[in-house]
Amino acid sequence: MGLKRLSMAAATALVTAQIWTGAPLFALWVGSQFVGQRALSMGAVCIVVVVLAILEFALALLLTWLSNTYDDISGRPRTERRARWLRSMRAEDEGYVSQRVGITPLERIVMLNVYIAVLLLAVWYVFFAGAPSPTICPTGGVC
């Protein structure tokens, strides 16, 4: 049972990392294959957007499946997962439900992965992105 839980946690970490690294890189690769040696076109941009949307949707479905499978393996009772604005005004408070059921290790892995992604983005933006340099047009002005 512990090996199954560990493998589910490892798969969740891998899928979560692919959401913000692998899927965008693969979508850009597919778009670059569409462009070839020509200049960038709106067709290539549309292909990148469509491939990225399909991949992100598939990875989100995979995360949902992993979470539900983990709940089944660990015997965790399934709770209603509905957005707050779709709930009844007299529905049970979400804080009480989360205290009663708790957060699974898979949910903690996803949260940690999001924190790492945002932190890395902030570090890149502050220290490595640099200021955009103006481009000099052939006419001598700034483009």
Side-chain angles (χ1 to χ4, degrees), residues 1-138 142-143:
M1 189 64 74
L3 184 61
K4 286 184 181 180
R5 287 183 182 179
L6 184 64
S7 65
M8 297 298 282
T12 299
L14 179 68
V15 169
T16 306
Q18 294 308 311
I19 284 177
W20 60 278
T21 57
L25 288 175
F26 183 74
L28 285 173
W29 179 80
V30 169
S32 72
Q33 297 303 309
F34 181 73
V35 169
Q37 298 297 325
R38 299 175 301 180
L40 180 64
S41 66
M42 282 306 292
V45 173
C46 288
I47 288 204
V48 169
V49 169
V50 168
V51 168
L52 185 60
I54 291 170
L55 287 174
E56 295 295 340
F57 184 73
L59 289 171
L61 283 178
L62 184 58
L63 269 180
T64 302
W65 179 81
L66 285 169
S67 178
N68 289 336
T69 305
Y70 185 85
D71 288 347
D72 291 341
I73 289 173
S74 64
R76 182 176 187 244
R78 290 206 179 160
T79 59
E80 180 181 3
R81 294 178 182 160
R82 186 181 294 180
R84 185 174 285 279
W85 59 85
L86 294 175
R87 292 190 184 145
S88 169
M89 292 292 287
R90 56 194 167 111
E92 187 176 21
D93 187 31
E94 183 180 334
Y96 177 70
V97 172
S98 65
Q99 286 176 352
R100 185 181 62 205
V101 177
I103 296 175
T104 67
L106 299 186
E107 293 168 339
R108 290 183 195 276
I109 289 171
V110 171
M111 288 188 301
L112 180 66
N113 207 312
V114 169
Y115 294 149
I116 290 171
V118 170
L119 180 67
L120 288 175
L121 177 67
V123 166
W124 172 81
Y125 184 75
V126 170
F127 295 111
F128 300 110
S133 58
T135 340
I136 304 298
C137 289
V142 176
C143 293

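One is the number of the first residue; the rest follow in order along the sequence.
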Go through the structure and list residues passing side-chain contact (heavy atoms from CB on, under 4.5 Å) with Arg108, not counting sequence neighbours. Ile103, Met111
Side-chain contact, heavy-atom cut-off 4.5 Å: Phe34 with Val30? no
Show me the side-chain donor-acceptor pairs of residues 6-16 shorter than 3.5 Å, one per line, residues at least two apart or across chains.
unit_1, atom_1, unit_2, atom_2, d
Ser7, OG, Leu3, O, 3.3
Ser7, OG, Lys4, O, 2.8
Thr12, OG1, Met8, O, 2.8
Thr16, OG1, Thr12, O, 2.7

Can you give each donor-acceptor pair under 3.5 Å made by side-chain atoms of residues 115-126, sequence neighbours left out, with the distance rounded to 0.1 Å?
none

Could you measure the distance from the CD1 atom of Ile109 to the CG atom of Leu106? Nearest 0.5 Å is fine. 5.5 Å
Hey, could you give me each pair passing side-chain hydrogen bond (donor to acceptor under 3.5 Å, both in side chains) that has a residue in residues 22-36? Not counting sequence neighbours. none
Compare every heavy atom of Ala44 with every heavy atom of Gly31, then report the nearest pair and how far apart it is. O-CB, 4.0 Å
About how many Å separate CG of Leu66 and CD1 of Ile73, when rounded to the nearest 0.5 Å? 9.5 Å
Could you tabulate the donor-acceptor pairs under 3.5 Å formed by side-chain atoms of residues 17-25, not counting sequence neighbours?
unit_1, atom_1, unit_2, atom_2, d
Trp20, NE1, Asn113, OD1, 2.6
Thr21, OG1, Ala17, O, 2.5

Trp65: partners by ring pair (Phe, Tyr, Trp, His ring centres under 6.0 Å), with sequence neighbours left out: none
Please identify each residue that fulfils side-chain contact (heavy atoms from CB on, under 4.5 Å) with Ala27, with sequence neighbours left out. Val48, Val51, Leu52
